[in-house]
Amino acid sequence: MLQLKVIREEKKRILDGLRKRNWNAQQLKVIDQILQVDDQRRNNQNELDNTLAENNKLSKLIGQMMGQGKKEEAEALKLQVANHKEKVKVLEDQQRTIETDLENLLYSVPNIPHKSVPRGKTPEENKVAKDWTKPFPVLPEDAAAHWDLGKKYNLFDFELGVKLTGAGFPVYRGKGARLQRALVQFFLDEAVKAGFEEINPPLLVNEATARGTGQLPDKEAQMYACDLDKLYLIPTAEVPVTNIYRDEIVSIKDLPIKMTAFTPCFRREAGAWGAHVRGLNRVHQFEKIEIVQIVHPDESYKTLQAMIRHVAGLLNKLELPYRILKLCGGDMGFASALTYDFEVWSAAQKRWLEVSSVSNFETFQTNRMKLRFRDENGKIELAHTLNGSALALARIVAALLENNQTPEGIKIPKALQKYTGFKTIE
RNA sequence: GGAGGAAUGGGUGAGUGGCUGAAACCACCGGUUUGCUAAACCGACGUACGGGUAUAACCUGUACCGCGGGUUCGAAUCCCGCUUCCUCCGCCA
């Protein structure tokens, strides 16, 4: 959620930013609407406060008169207060309505892209920030895609998942399951080594938490919900982990706060199914190690770079070819100010697979979450939040299997061997 | 699931209708003293949203004592509902 103050004071920058997200004139009107409702809000609040102030004064007077035994005068004042009460009620109702309207309007506006974000409408217009310059793995003519490899070596079973749950819920087994666990352990160890505190959060969250990171309102269709208990299955660990600090004022000394968590992620992916989603490319449940940072606003872009280096380091250790994209205005997530995507090369499918997304949200999440810190002078300021996948499993598994297939079986990268306990899947 | 108790500022905790945005103590912060540390002493010490041309620390209004409602001229204090926590019983990975 954007800060009202910023919209008021930097309207031009806000409008320019939204244009970068390809907002048209019609859509941009919402900004004026926000300013208008905000005026209403302030006027109404002013009137309400003044009325209440008067009541408070009168009430005090009544108390004094009662004490002095001036009963009749007190009764007269009571009538006055009673009149005001009607007015207060109306003003309070109005205020509530106005505030809800304003909040809903604010919720509908995405974050303002960082100045370095390229213009563009579609994923094709993302900029390659770092390309893969070495040769790609060369596979034999009859190289198999991961879904066939999974069958051949009995690593995972989609049909079985359908039987148990539905499409998009693979069952991993044998070395396939072990490979999952190895990756989880590896990624977590690396994150902890990099100074992130390991968090093991709940997988179901309440409404306030889903709201804090921006899943609600609007994106409920992307989450699985437990209606009976009004809980949501997390689409990413970002949700519970970032919300740990919701409604908190931390000391500047506590920054940066670095957290990592391994969780399964549940995504309905409503309407996202198409030609390219076979096998592990897109599933409803997958495992992911997330890294989250809460930092001083002056540090957040430096931090973003550090997080990118961390993710790149993981891919290097896994010996996977990857490239880094800087997302264009049209492809960026709602809450992000700047996002880098990591894609690994899937040699058998001959395409790039997105395996990580690292973003700086600046104050977009912290404003809505009221996550603040006290600076050197004791002043309270919104912190910046960042997060990134480090990494998501399903597609990493897909790429590992495909790229490392040989006639003798699938080779496990060196860094992973101590976690898998085997060097080859045959 | 049944019975009882509790919820106050960063922490402990006082406060049962107006003098309470809230005692006291601790912690934190600033200062004095000190060879250093410690101790002692002094001072400051909530948040949000408005207004005052006031996004450097100023003045002022309003709201907030778990959450939501109600009673009253006036509620941290009385009433109702909810949530959470604790204790006991039952059940159970």
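Just so it is clear: chains get the letters A, B, ... in the order the sequence lines come, proteins before strands, and each one is counted from 1.
Residues A:Asn22 and A:Gly330 approach most closely at ND2-CA, 3.5 Å, considering heavy atoms. Residue A:Ala237 comes nearest to A:Ala261 through the heavy atom pair CB-CB, 4.0 Å, listed as atom of the first residue, atom of the second, then distance.
Contacts classified as salt bridge (Lys or Arg N to Asp or Glu O under 4.0 Å) and involving residues 235-263 of chain A (residues at least two apart or in different chains) are not found. Listed by first then second residue, pairs satisfying ring pair (Phe, Tyr, Trp, His ring centres under 6.0 Å) with a partner in residues 372-391 of chain A read A:His296-A:Phe373, not counting sequence neighbours.
Shown here are the ring pair (Phe, Tyr, Trp, His ring centres under 6.0 Å) partners of A:Tyr153, two or more places apart in sequence or in another chain: there are none. Under the rule for a side-chain contact (heavy atoms from CB on, under 4.5 Å), the partners of A:Ile249 that lie at least two apart in sequence or sit in another chain are A:Arg372, A:Arg374, A:Ile380. Every side-chain contact (heavy atoms from CB on, under 4.5 Å) that A:Val6 has, sequence neighbours left out, goes to A:Gln3, A:Glu10, A:Arg13, A:Ile14.
If you find the closest nucleotide of RNA chain B to A:Asp49 and to A:Lys370, the one lying nearer the 5' end belongs to A:Lys370. Residue-to-nucleotide proximity on RNA chain B shows that, of A:Gly63 and A:Ile249, the 5′-proximal contact is made by A:Gly63.
Between A:Asn43 atom CG and B:U62 atom C1' there is a gap of 16 Å when expressed in whole angstrom units. Here B:U62 presents its P atom at 17 Å from CG of A:Asn44, a figure rounded to the nearest Å. As a whole-Å value, the separation of A:Glu92 CD from B:G70 C1' is 14 Å. Atom-to-atom, CG of A:Leu61 to P of B:C19 comes out at 14 Å; the value is rounded to the nearest Å. Atoms CD1 (A:Ile380) and C1' (B:G10) sit 13 Å apart, rounded to a whole Å. With rounding to whole Å, A:Met1 atom CE is found 14 Å from B:A48 atom P. Spacing between atom CG of A:Asn46 and atom C1' of B:U60 amounts to 12 Å, rounded to whole angstrom units. Protein atom CG of A:Asn50 is 12 Å distant from nucleotide atom P of B:A63, rounded to whole Å.
For the residue pair A:Thr366 and A:Thr363, no side-chain donor N or O sits within less than 3.5 Å of a side-chain acceptor on the partner. Under 3.5 Å, the side chains of A:Glu402 and A:Ser346 contain a donor-acceptor pair of N or O atoms. For the 3.5 Å distance criterion, the side chains of A:Gln36 and A:Gln40 fail to qualify, holding no donor opposite an acceptor. For the residue pair A:Lys288/A:Thr263, the side-chain donor-acceptor check at 3.5 Å is not satisfied.
A close approach under 4.0 Å does not occur between any side-chain nitrogen or oxygen of A:Arg42 and OP1 or OP2 of B:C49. Contact annotation: A:Arg372 reaches the phosphate of B:A48 (side-chain N/O to OP1 or OP2, under 4.0 Å).
Residues A:Tyr340 and A:Lys130 fail the side-chain proximity criterion, which asks for heavy atoms closer than 4.5 Å. A:Ile294 has its side chain within reach of A:Tyr245: a pair of non-hydrogen atoms, C-beta onward, lies under 4.5 Å apart. Here the side chains of A:Val109 and A:Leu105 are not in contact, with every heavy-atom distance at 4.5 Å or above.
Going from the P atom of B:A22 to that of B:U37 covers 36 Å, rounded to whole Å. A distance of about 14 Å separates the C1' atoms of B:G13 and B:A76, rounded to the whole Å. Taking the P atom of each, B:G81 and B:G2 are spaced 15 Å apart, rounded to whole Å. Between B:G15 and B:U33, the distance separating the two P atoms is 41 Å to the nearest Å. For the P atoms, the distance linking B:C59 with B:C45 amounts to 10 Å, nearest Å. A distance of about 15 Å separates the P atoms of B:A23 and B:C65, rounded to the whole Å. Rounded to a whole angstrom, the distance from the P atom of B:C41 to that of B:A24 is 15 Å. Taking atom P in both B:C86 and B:C73, one finds a spacing of 41 Å when rounded to whole Å.
Here CZ of A:Arg395 is found 9.5 Å from OG of A:Ser389. Values are rounded to the nearest 0.5 Å.
A heavy-atom distance below 4.0 Å to RNA chain B is reached by these residues of residues 52-60 of chain A, ordered by number: A:Leu52, A:Ala53, A:Asn56, A:Ser59. The stretch residues 72-89 of chain A touches RNA chain B through A:Lys78, A:Val81, A:Lys85, A:Lys89, each having a heavy atom under 4.0 angstrom from the strand. Contacts between residues 6-18 of chain A and RNA chain B, counted as heavy-atom distances below 4.0 Å, involve A:Arg8, A:Glu9. Near RNA chain B, defined here as any heavy-atom distance below 4.0 Å, there are no residues from residues 97-108 of chain A.
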When you compare the protein's N or O atoms with those of nucleotides 66-69 of chain B, which come within less than 3.5 Å of each other, and at what distance?
unit_1: B:G69; atom_1: OP1; unit_2: A:Arg96; atom_2: NH1; d: 3.2

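A salt bridge links A:Glu190 and A:Lys193; the closest N-O separation between the charged side-chain nitrogens and carboxylate oxygens is under 4.0 Å.
No contact: A:Leu48 has no heavy atom under 4.0 Å from any strand. Residue-level contact check: A:Lys379 touches the backbone only, with heavy atoms under 4.0 Å from sugar-phosphate atoms and none from bases.
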The test is salt bridge (Lys or Arg N to Asp or Glu O under 4.0 Å); show your working for A:Asp93 and A:Arg96 and say whether it passes. CA-CA 5 Å; A:Asp93 282 350; A:Arg96 232 180 305 231; 3.6 Å; yes
Would you please test A:Gln222 and A:Tyr232 for side chain to side chain donor-acceptor pair (under 3.5 Å) and show each step? CA-CA 10 Å; A:Gln222 289 301 326; A:Tyr232 299 88; over 6 Å; no
Pairs of donor and acceptor atoms involving the side chains of residues 170-177 of chain A, under 3.5 Å and at least two apart or interchain, shall be tabulated with distances.
unit_1: A:Lys175; atom_1: NZ; unit_2: A:Thr424; atom_2: O; d: 3.2

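Aromatic ring pairs are classed by plane angle as parallel below 30°, tilted from 30° to 60° and perpendicular above 60°; the pair A:Tyr224 and A:Phe169 is tilted.
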Its dot-bracket string being built from Watson-Crick and G-U pairs below 3.5 Å, with | for another strand and [ ] for crossing, RNA chain B has the pattern ((((((((.[[[..)..(.....]]]..((((.......))))..(((((((.....))))))).[[[[[..)....]]]]])))))))....
